[in-house]
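Each chain gets a letter, A, B and so on, in the order its sequence line appears, and its residues count up from 1. Heavy atoms only: backbone and side chains are in, while hydrogens, waters and symmetry mates are out.
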Amino acid sequence: MKKVEAIIRRSKFNEVKDALYAVGIDFFTYWDVTGVGNEKESHLYRGVASSRDIQRRYLSIVVSSSFEKRAIEIIMKAAGTGEIGDGKIFVSDIKEAYRIRTAQKGPDALN
Amino acid sequence: MKKVEAIIRRSKFNEVKDALYAVGIDFFTYWDVTGVGNEKESHLYRGVASSRDIQRRYLSIVVSSSFEKRAIEIIMKAAGTGEIGDGKIFVSDIKEAYRIRTAQKGPDALN
Amino acid sequence: MKKVEAIIRRSKFNEVKDALYAVGIDFFTYWDVTGVGNEKESHLYRGVASSRDIQRRYLSIVVSSSFEKRAIEIIMKAAGTGEIGDGKIFVSDIKEAYRIRTAQKGPDALN
Amino acid sequence: MEMLSFTISNLWMMVCIVLVFIMHLGFAMLEIGLTRSKNTINILFKNMAVIIIGLLAYTFMGFGMMYSGPQGGIFHFGGFGLRIPLNAGTPQYNPYYTFWTDFLFQAMFAATAASIVSGAVAERIKLSAFLWFSFLYVTLIYPVVGYWHWGKGWLSGIGFHDFAGSTIIHSVGGWAALIGILFLGPRIGKYNGKVSTIEGHSIPLATMGVLLLWFGWFGFNGGSVLSADPGKVSKVLVITTLSATSGVVGAFFSSYLLFRTYDITMVINGILAGLVGITAGADIMGVTDALVVGLISGILVVLAIVGIDRLKIDDPVGAVPVHMVCGLWGTLAVGIFGEKAGLKQLFTQIVGIFSVGIFCALGACVIFIALRKFIGLRVSEKEEHEGLDINEHSMRAYPDFRANQH
Amino acid sequence: MEMLSFTISNLWMMVCIVLVFIMHLGFAMLEIGLTRSKNTINILFKNMAVIIIGLLAYTFMGFGMMYSGPQGGIFHFGGFGLRIPLNAGTPQYNPYYTFWTDFLFQAMFAATAASIVSGAVAERIKLSAFLWFSFLYVTLIYPVVGYWHWGKGWLSGIGFHDFAGSTIIHSVGGWAALIGILFLGPRIGKYNGKVSTIEGHSIPLATMGVLLLWFGWFGFNGGSVLSADPGKVSKVLVITTLSATSGVVGAFFSSYLLFRTYDITMVINGILAGLVGITAGADIMGVTDALVVGLISGILVVLAIVGIDRLKIDDPVGAVPVHMVCGLWGTLAVGIFGEKAGLKQLFTQIVGIFSVGIFCALGACVIFIALRKFIGLRVSEKEEHEGLDINEHSMRAYPDFRANQH
Amino acid sequence: MEMLSFTISNLWMMVCIVLVFIMHLGFAMLEIGLTRSKNTINILFKNMAVIIIGLLAYTFMGFGMMYSGPQGGIFHFGGFGLRIPLNAGTPQYNPYYTFWTDFLFQAMFAATAASIVSGAVAERIKLSAFLWFSFLYVTLIYPVVGYWHWGKGWLSGIGFHDFAGSTIIHSVGGWAALIGILFLGPRIGKYNGKVSTIEGHSIPLATMGVLLLWFGWFGFNGGSVLSADPGKVSKVLVITTLSATSGVVGAFFSSYLLFRTYDITMVINGILAGLVGITAGADIMGVTDALVVGLISGILVVLAIVGIDRLKIDDPVGAVPVHMVCGLWGTLAVGIFGEKAGLKQLFTQIVGIFSVGIFCALGACVIFIALRKFIGLRVSEKEEHEGLDINEHSMRAYPDFRANQH
Ligand SMILES: Nc1ncnc2c1ncn2[C@@H]1O[C@H](COP(=O)(O)OP(=O)(O)O)[C@@H](O)[C@H]1O
Ligand SMILES: Nc1ncnc2c1ncn2[C@@H]1O[C@H](COP(=O)(O)OP(=O)(O)O)[C@@H](O)[C@H]1O
Ligand SMILES: Nc1ncnc2c1ncn2[C@@H]1O[C@H](COP(=O)(O)OP(=O)(O)O)[C@@H](O)[C@H]1O
């Protein structure tokens, strides 16, 4: 199993979610993070300009290895705008997965 | 060392925490996330019903490999209700761990 | 590639960030988490004392393997105070990385 | 003696000015409470601007247009700026209040009419378009309608009754809100395929807003007696309170029966519904009338919220149901309940409703068309997604809190 | 002349009505501020409902029960609905206020008594149980007690003194709060093994609530003079302010000495303590009396908060310490300080405290027992864990903010 | 007749007391809104303490020092405690208000002066140092200056005009704020290398605070007429409103021209600027004067905010620009606009500004030096990083929300 972690624009989240649903990936977990990278958010407060790190959404999707490619392709497509700040995808190994409710293990536990 | 990541109901957090403490796992990190999965939270706002992704708690526990099994069993037991939405546990490898304060490495750094 | 995850004091974040920038690590993602560990935050509310888990900052930095050591050293130095609660660093493998904007893969995608 | 009674009535009117003023805080809190946190600064900015624009526009033109015209007229231009009479501070100006009190009370009302629009068009209108709209509407439309009735123009001549402004204030705001929404279209994500919800980001602030509006309404209706007459004013306060109360009863039961839920946003809209509904007739209704008028207002507001949503008209705070629908209902109710009830009065009320409605709707259309042409009405899709705060104001309303943005 | 003085006093009373009204916003903000964000909508809903229930119940029965009875009596039923006298708006009804003013001022008070309970039972009571309780308590219990004293019933006959309601309002609410807590038991997690803390989710809103309550209290006590008598009213305002002030001093030093911390929730409870404590005797106390009464109130409230917690009585907002304990203390203080101080008066005050206490406590018990039987008092454990907002209202109070739920 | 007019004026003054009181809520909300959430409880605590300290200090010494001295004097000690005259509640004390009203109105003003300092020194001052400072400043400095002008001391003798306190209240607070900031230095992170921003954590609360301040200002300026004179009071309300309005215009356009952004914090500071600016001359300005004075105030406040920031003087809420700069400007404006305009008056105003400024600045310096020596002024670096709430109060203001702490 693989863990696909995607750090995307918050404004693209709904499109990514819909696209993942469309191929049957309707199990994942997400939260909001702050991204340090090329894109910044510029603020102007009481006459002083500053640039802040940007808010992003972090998706953590554990998929069976066969789904890995598909998930990545879909996210790349749905999250991209071509402008700086589209985000990253990182892939790593998951040794084991359990569904708490049923104690199922392995790929069966994923959805 | 293993990283045990558990995505559980927020309402079960205290029980899980107490259970982990009982076996001496009193070092971990947690945060709140949103879960896309079988369970949804139904809202009714100004006459319109909608279902929203549910708030969950994400526990990240790095344990020495010998503790892995115990941690998983305990979480399975304490977090379970038998109803849809009990959550998942994912296990992955950790190559190295450091305690910042003492510069200790490996399993010694974990607690 | 490696994922370096550091759980540090929030009050040390700016120093760590500046130190990482100084060696050219200006790409990472962070969020706030709650830490269960040796340090607690003591509260006193309406006459009752309690101790709460402490708020911490979680940094997730994916670096090419050659940068791993440097990143860890820098964080160790900038985040440390020598007092209980300085935090931890965990290192794990990343199989693949993608930049959404350009579809670049591998270490090229990291910055 | 005359001086003392002048001082007392003037004092009451000054208290009412202060109360009407704080309604602007009520509107601001209600509107931000029922919208998303990414647009909060923008809405606050609009609400602050509307107070200023309302007061200034009224100072420079509105007061003159509204109150210095001939009896029975249709339009009047009263010159620019305030014409301060020599007897401004004496009972010769008016036995119950000074020129200054008169002006300030009316100016606060004018600012209110503009505030109503703000919530309906929130989360998608361009700031500059909104500011221009408010300025033009308060300068050109509101004082004309105000003159028709309160300035002794033609509507007052035919016997139209609108005590504190169910039509003259609330429907004037409500019509502009409706036209604005129609021009703008719904917020992104509200009606893609099916009707979805965009929940308000702070129910506490919304609730606070409504209680502050109720608080201010004591001055709004209580001051509309235009004197401190003990019997009249205190009865108006009771009638106003009872209608608000039964507005909640109406909204609570109708929303519970329809959706089986205890929806607090419906309850607070029910309060406002009862208040708007009684505003036209608070001086001529009895206790039972007030309870019935309020009850129906409460039911109407729920039905209107649902109905408008079905029609894919996206009104985040319910401004149209509250101010337009209940404003019209309250105006009609004057012909059905209370001292003046009767077919002839009902007919007059309908004439008033239609003439004001058509004039305001047309006026709002003309202004919106012009603004669409010259500066555009709606923010870009990207701005709407990311929020107006960061895009139009380069700030965030709650930078210390981690948001669940949507 | 008579008419003018009537107009003035009536005007002051109307101002006080408006001030007392906004106390409901104060209660709402204080209560949500000191509880968790997962129950915020529920508490707001209860607070809004309580205003409506209080006003309506008082209209339909309470006012008649409380004010139309014979002198010296124990119970009186005044018929349903408002009996509007012919002289409702003239000085013949009362030289200082109209019938309408009278009714509305009293109705706002009635709604206040019910608000007090809401905070104490928060975060675990079923919404329907609370609504029924409020309705029954305001309809059946409060007007009886009110009649005893302010309606010229037996308590007023024996010389009991309770100026603006330390006993008649605050302890009436406080007793019901205490009984409610005892029936409900503590919130899950409050006393498992050891006493733990459940911190309020918004100290700013709690603080705002208390300042709004103080603001409203100027009307609560100032209006209880029942005229605009300059000397009396302005002295009452000073006395009230000084007691609130020294209430903070008492609460600050006692909490600092006990816990070595600057606890703002103790400070704001100290304000309320001082206000409740002086409410019984604000008309007959001097400056020093007020300072002492307030100081003791402030100390008492801290001791009571700690003591009640030790007894595992879980009162999230401190309603019992503030309204019951300080209400009783304030009533007693009339026999110890100020113009009426004396053993005989002290004894009369004790009689009043006990008779009101027993009647209210019994009444509350009967109602809670009946409700427990018919609809149940407490939400399920799952609902309490997840929060009442999502379970009873299908909404969240702050959907845009990421919560640290606990 | 005399009694009636006494009752009316006294009634108005009591209304104004209540309005001035709620300004403290306004200050509290503004200050927490413009600072970080980790210091919120600390700021609220300071604001609550300042009300109490202000009221008590004024009771024990201030009122006597300020109002019982001889004409034309420089310093007077009036004894401890309130000296209640025999005619406290009658027109013999004063034809327009009772002793009690007089005292309470003045006491609320005193508390206001202390509130102003709180925001400027926020997020880094030690709580105990601030409490001692407030106590000493309100006891020793403010009443002396107040005596000079309102107590008929030497400043009033030379014809200095300061209607409601642009100098006597606002600049007194503003000078202390400036000196406090200079002693404390900037917050960590504000000027490391370059000027950076530390954004306020709740723009809604800040905006609410300003509207509440405006609301209270109707009482602040309206009450300073010291009677209910219809012409005078109502004109003051209009003049005050117009200046606030044009203050926004000035702040809006100047900040837009400088930064090309719609900065709501500048707009709300513009309101306050207009209000402070007109406070000295609200009784003697005409409509156009008010508009011009407000406009300039609005421009000045923006320039001052930017200028002060350039000088690395860290004033989180803009207390110095608003209260000191606009307070001075408003005082000067009395010599330039309105009924008293003239070189001689301008000169007198300058004398007043300087003498008050020097006395206050020196007084504040002495107090701060003493406090620095005995208890220290600033929290430790660690406390400042982690927030004052958890360190000085062992609590968090918003424990249920996940913070983006910085
Ligand atoms: N090496 C990294 N480790 C962790 N997160 C990263 C890394 N590089 C980028 N990110 C995340 O991805 C986001 C997008 O990257 P950014 O540099 O802004 O744009 P782009 O990918 O288009 O160059 C960043 O805000 C940050 O959250
Ligand atoms: N493949 C996955 N990757 C990441 N998170 C997942 C995955 N599957 C489930 N989750 C998380 O687990 C939670 C519980 O899953 P859910 O489907 O609701 O219940 P159950 O596990 O009982 O079937 C989800 O809300 C989601 O946060
Ligand atoms: N085994 C672990 N797994 C995950 N997070 C951990 C683990 N051990 C410690 N942490 C995190 O590191 C933080 C710092 O640890 P703590 O025990 O307080 O101090 P120290 O590292 O100085 O002993 C904790 O608050 C927790 O968030």
Side-chain angles (χ1 to χ4, degrees), chain E residues 1 4-5 8-9 11-12 15 19 36-38 199-204 206-208 210-212 214-215 218-219 222 228-239 241-242 244-246 248-249 252 259 261-265 267-268 270-271 286-288 291 398 401-406, chain F residues 1 3-4 6-11 13-15 17-18 21-22 24-25 28-29 32-33 40-42 44-45 47-49 51-52 55-56 59 81-82 84 88-91 97-104 107-108 127-128 202 205 208 389 392-403:
Chain E
M1 200 76 159
L4 283 176
S5 117
I8 301 171
S9 280
L11 197 167
W12 173 247
V15 169
L19 290 172
R36 286 166 294 180
S37 62
K38 65 181 177 182
E199 298 184 23
H201 88 276
S202 178
I203 303 301
T207 307
M208 180 193 301
V210 168
L211 286 183
L212 287 173
W214 188 346
F215 178 69
F218 287 118
D229 185 300
K232 281 194 202 153
V233 178
S234 60
K235 191 174 164 217
V236 163
L237 298 189
V238 171
I239 294 303
T241 303
L242 292 179
T245 308
S246 70
V248 174
V249 175
F252 173 79
F259 316 116
T261 183
Y262 301 113
D263 186 336
I264 192 165
T265 72
V267 164
I268 61 184
I271 290 178
V287 166
T288 319
L291 290 170
Y398 303 100
F401 296 114
R402 203 147 267 271
N404 267 333
Q405 197 170 5
H406 48 99
Chain F
M1 200 78 160
M3 192 63 205
L4 283 176
F6 174 63
T7 308
I8 301 172
S9 280
N10 185 67
L11 197 167
M13 296 300 294
M14 294 194 301
V15 169
I17 287 170
V18 178
F21 170 77
I22 209 64
H24 291 109
L25 177 56
M29 293 298 120
I32 62 170
T40 297
I41 289 181
N42 186 257
L44 290 171
F45 199 98
N47 276 282
M48 303 303 276
I51 307 176
I52 305 307
L55 291 172
L56 285 183
T59 308
L82 282 186
I84 304 158
T90 69
Y97 42 81
T98 69
F99 165 77
W100 304 106
T101 302
D102 192 12
F103 160 69
L104 199 55
M108 291 294 171
L127 184 61
S128 55
S202 178
L205 293 185
M208 181 193 300
D389 287 3
E392 295 217 74
H393 304 273
S394 302
M395 266 189 225
R396 295 201 175 274
Y398 303 100
D400 283 14
F401 296 114
R402 204 147 265 272

Given that the side chain runs from C-beta out, which part of [X] has a heavy atom under 4.5 Å from chain E: side chain, backbone, both or neither?
X	value
Ala397(F)	both
Thr101(F)	both
Leu82(F)	side chain
Met13(F)	neither

Would you mind checking which part of [X] comes under 4.5 Å of any heavy atom in chain F, side chain (CB onward), backbone (N, CA, C, O), both or neither?
X	answer
Phe259(E)	neither
Phe218(E)	side chain
Val233(E)	both
Val238(E)	both

Which heavy-atom pair separates [X] from [Y] by the least distance, and what is that distance?
X	Y	value
Met14(F)	Leu237(E)	SD-CD1, 3.8 Å
Thr7(F)	Pro230(E)	OG1-CG, 3.5 Å
Glu199(E)	Arg396(F)	OE1-N, 4.1 Å
Ile22(F)	Leu211(E)	CD1-O, 4.1 Å
Gly231(E)	Trp100(F)	O-CD1, 4.0 Å

Can you tell if the side chain of [X] reaches within under 4.5 Å of the side chain of [Y], non-hydrogen atoms only?
X	Y	result
Trp12(E)	Ile8(F)	no
Trp214(E)	Leu25(F)	no
Ile84(F)	Val287(E)	yes
Leu205(F)	Pro204(E)	yes
Leu56(F)	Leu291(E)	yes

Check: Is the backbone N or O of Ser37(E) less than 3.5 Å from a side-chain atom of Asp400(F), with the two atoms forming a donor-acceptor pair by type?
Finding: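 Here the side-chain-to-backbone pair exists.
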
Note to self: Would the distance check show the side chain of His393(F) and the main-chain N or O of Asp263(E) forming a donor-acceptor pair, the cut-off being under 3.5 Å?
What the structure shows: no

Next item on the list: Heavy-atom pairs under 4.5 Å with chain E are the metric here; pick the option from Leu44(F), Asp102(F), Leu127(F) that has the most.
Entry: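 The candidate making the most pairs under 4.5 Å is Leu44(F).
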
Next item on the list: Count the heavy-atom pairs under 4.5 Å between each of Val18(F), Leu55(F), Asn47(F) and chain E, then report the option with the highest count.
Entry: Val18(F)

When rounded to the nearest 0.5 angstrom, what is the spacing between [atom1] in [X] and [atom2] in [Y]?
X	Y	atom1	atom2	answer
Phe45(F)	Thr207(E)	CZ	OG1	10.5 Å
Ile52(F)	Ile271(E)	CD1	CD1	5.0 Å
Ile41(F)	Thr265(E)	CD1	OG1	8.5 Å
Ser234(E)	Leu104(F)	OG	CG	8.5 Å

Margin query: Before you tell me yes or no, could you show the steps for Tyr398(F) and Phe401(E) under ring-ring contact (aromatic ring centres under 6.0 Å, His included), namely the whole-Å CA-CA distance, both residues' side-chain angles and the distance that decides it to 0.1 Å?
Written below: CA-CA 11 Å; Tyr398(F) 303 100; Phe401(E) 296 114; 8.9 Å; no

Checklist line | When Leu242(E), Val267(E), Thr241(E) are compared by non-hydrogen pairs under 4.5 Å with chain F, the top option | finding: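 Maximum pair count with chain F is reached by Thr241(E).
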
Margin query: If you apply the rule side-chain contact (heavy atoms from CB on, under 4.5 Å), what do you find for Val248(E) with Met48(F), and how did you get there?
Written below: CA-CA 9 Å; Val248(E) 174; Met48(F) 303 303 276; over 6 Å; no

Check: Given the rule in the side-chain contact (heavy atoms from CB on, under 4.5 Å) test, do Glu392(F) and Thr261(E) qualify, once you have shown the distances and angles that lead to the verdict?
Finding: CA-CA 7 Å; Glu392(F) 295 217 74; Thr261(E) 183; over 6 Å; no

